[in-house]
Amino acid sequence: LYPDFWGKQKWLYDAPSAKDSAGKVVIHWFCTAKVQACTDDLARIINLRENGHVYVVAYIDGSTYLAKKLDPIRESEGIGHGTVAIGAGVTKLMKLLGVKPGPTSIVVGVDGKVTMVSVNGDTNALDARDAEVNKESSAIKAFTSSHDGPASVKANEKFTLTFKVQLASWLNYSPTQPKEFDITVPKDFKCDATTLKGDQLKIDKNTLTAAVTCAAPHGNYQAVGKIRFGYRTQAGASGLGDDGAKWDIKVD
């Protein structure tokens, strides 16, 4: 989560967790106790943390007592959403980085690349930082999907309808939650299956594939598919996904 040359830090909570921060925008927030701009920015940082897609690593230059007043993790309510560094290590780090006493933020995207450095505690700078974090966090998706199949085929010729789910790199498909694909087809269709469950859906790393093979007589048709699956974060939290697709097929 941070370069080794930043040095060893004393943490109010656990050290920064790669599992908890996976798939989130990370904000490295530097502040100094007794600086009003930092106190004013605290509410903003807490608000960003609460959207569920942001992980905050705060570095507070000041005593433990004063640092706790600027703690954006707020003990139990924020555990798993970030941590706080305090003490001499923070003082050394802020000098090393040339960080000003007021709020400085380094924003890191889900790909691990720095997307913004905000070094000014005025309203315009903080608004710009918050807008960047909100833009990035709102673009985070657990999965994307795609479907494939012919637009036209010959009568009674076999064809395949495929539905794929691409899970985000920081997630894994759940081995315990059910996964199922259902497809609704016209009564004239003859398919090898209209429901796929469990191992009938193929998983290759983060790609889940459902495929059915059908044939039909002359006509214009539409098929509708729905897929459901479970996934887990690296920290062990569970989620459910569902999606659907339509295929319009002309059979000559």
Side-chain angles (χ1 to χ4, degrees), residues 1 17-26 51-55 79-81 109-112 136-252:
L1 287 178
S17 168
K19 289 184 177 180
D20 287 339
S21 64
K24 296 180 180 179
V25 178
V26 177
N51 79 8
H53 295 292
V54 174
Y55 187 90
I79 298 301
H81 299 286
V110 295
D111 60 358
E136 292 185 38
S137 61
S138 64
I140 296 173
K141 294 182 179 180
F143 64 91
T144 57
S145 65
S146 61
H147 63 283
D148 191 26
S152 63
V153 294
K154 293 181 179 180
N156 301 312
E157 182 179 87
K158 290 184 178 181
F159 57 91
T160 300
L161 303 178
T162 305
F163 193 102
K164 291 187 177 183
V165 174
Q166 183 68 41
L167 202 61
S169 61
W170 56 86
L171 300 174
N172 294 298
Y173 291 104
S174 170
T176 57
Q177 293 172 294
K179 50 184 180 289
E180 182 176 330
F181 174 73
D182 294 305
I183 188 166
T184 302
V185 297
K187 62 180 182 179
D188 292 334
F189 270 44
K190 293 181 180 180
C191 300
D192 58 2
T194 55
T195 296
L196 302 176
K197 296 181 179 181
D199 292 340
Q200 292 177 306
L201 290 90
K202 306 303 180 183
I203 295 178
D204 181 13
K205 295 181 180 178
N206 280 45
T207 302
L208 176 68
T209 303
V212 298
T213 299
C214 303
H218 293 283
N220 293 312
Y221 302 98
Q222 184 178 82
V224 179
K226 293 184 178 180
I227 198 165
R228 293 172 293 279
F229 56 92
Y231 57 85
R232 289 181 178 177
T233 68
Q234 294 180 20
S238 298
L240 293 174
D242 64 85
D243 207 348
K246 294 180 180 180
W247 293 263
D248 291 311
I249 306 161
K250 181 181 180 182
V251 181
D252 296 322

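Being a predicted model, the structure only gives us computed values, none of them experimental.
- Note that OH of Tyr55 is 10.0 Å distant from NE2 of His81, once rounded to the nearest 0.5 Å.
- Remark: Cys214 SG to Lys158 NZ distance equals 10.5 Å, nearest 0.5 Å.
- Across all non-hydrogen atoms, the minimal contact from Gln234 to Ala18 is OE1-O, 4.2 Å.
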Requested in this report: Kindly indicate, with the supporting measurements, whether the criterion side-chain contact (heavy atoms from CB on, under 4.5 Å) is fulfilled by Asp243 and His147.
Outcome: CA-CA 11 Å; Asp243 207 348; His147 63 283; over 6 Å; no
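- The two residues Ile140 and Gly23 have their closest heavy-atom pair at CD1-O, 3.4 Å.
- The NZ atom of Lys19 sits 9.5 Å away from the OG1 atom of Thr233 when rounded to the nearest 0.5 Å.
- A donor-acceptor distance shorter than 3.5 angstrom exists from the side chain of Asn206 to the backbone of Leu167, with no hydrogens or angles considered.
- Thr162 is listed as a side-chain neighbour of Thr209, based on a closest heavy-atom distance under 4.5 Å.
- Residues Thr207 and Gln166 have side chains in contact (heavy-atom distance under 4.5 Å, counting atoms from C-beta outward).
- The structure places CZ of Arg232 at 9.5 Å from CG of Asn172, a figure rounded to the nearest 0.5 Å.
- Between Glu180 and Thr195 the shortest side-chain heavy-atom distance falls below 4.5 Å.
- Shortest non-hydrogen contact noted between Gly149 and Leu161 is CA-CD2, 4.1 Å.
- Shown here for Leu201 and Ala210, the closest heavy-atom pair between the two residues is CD2-CB, 4.1 Å.
- A distance of 11.0 Å separates OG of Ser152 from CZ of Phe159, quoted to the nearest 0.5 Å.
- Considering every non-hydrogen atom in both Lys24 and Gly80, the closest pair reads NZ-O, 3.7 Å.
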Requested in this report: Dump the intermediate steps for ring-ring contact (aromatic ring centres under 6.0 Å, His included) on Phe143 and Tyr231, then the final yes or no.
Outcome: CA-CA 10 Å; Phe143 64 91; Tyr231 57 85; 7.0 Å; no
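- Rounding to the nearest 0.5 Å places NZ of Lys179 at 11.5 Å from CG of Leu196.
- The side chain to side chain donor-acceptor pair (under 3.5 Å) test applied to Ser169 returns no partner, not counting sequence neighbours.
- Under the side-chain contact (heavy atoms from CB on, under 4.5 Å) rule, Ile227 has a single partner from Val165, Ile183, Asp242, which is Val165.
- Asp188 is not listed as a side-chain neighbour of Val251, based on a closest heavy-atom distance of 4.5 Å or more.
- Atom CG of Asp252 has more than 12 neighbouring heavy atoms from other residues, nucleotides or ligands inside a 6.0 Å radius.
- The side chain to side chain donor-acceptor pair (under 3.5 Å) test with Thr160 singles out one residue from Asp192, Asp148, Thr213, and that residue is Thr213.
- Counting only heavy atoms from C-beta outward, the side chains of Val153 and Ile249 approach each other to under 4.5 Å.
- Side-chain atoms of Thr184 and Lys226, non-hydrogen and from C-beta on, never get closer than 4.5 Å to each other.
- Aromatic ring orientation, Phe163 versus Trp247: perpendicular (interplanar angle above 60°, classes split at 30° and 60°).
- Residues Ser137 and His53 approach most closely at CB-CB, 3.7 Å, considering heavy atoms.
- Looking only at distances, a side-chain donor or acceptor of Tyr221 sits under 3.5 Å from a matching main-chain atom of His218.
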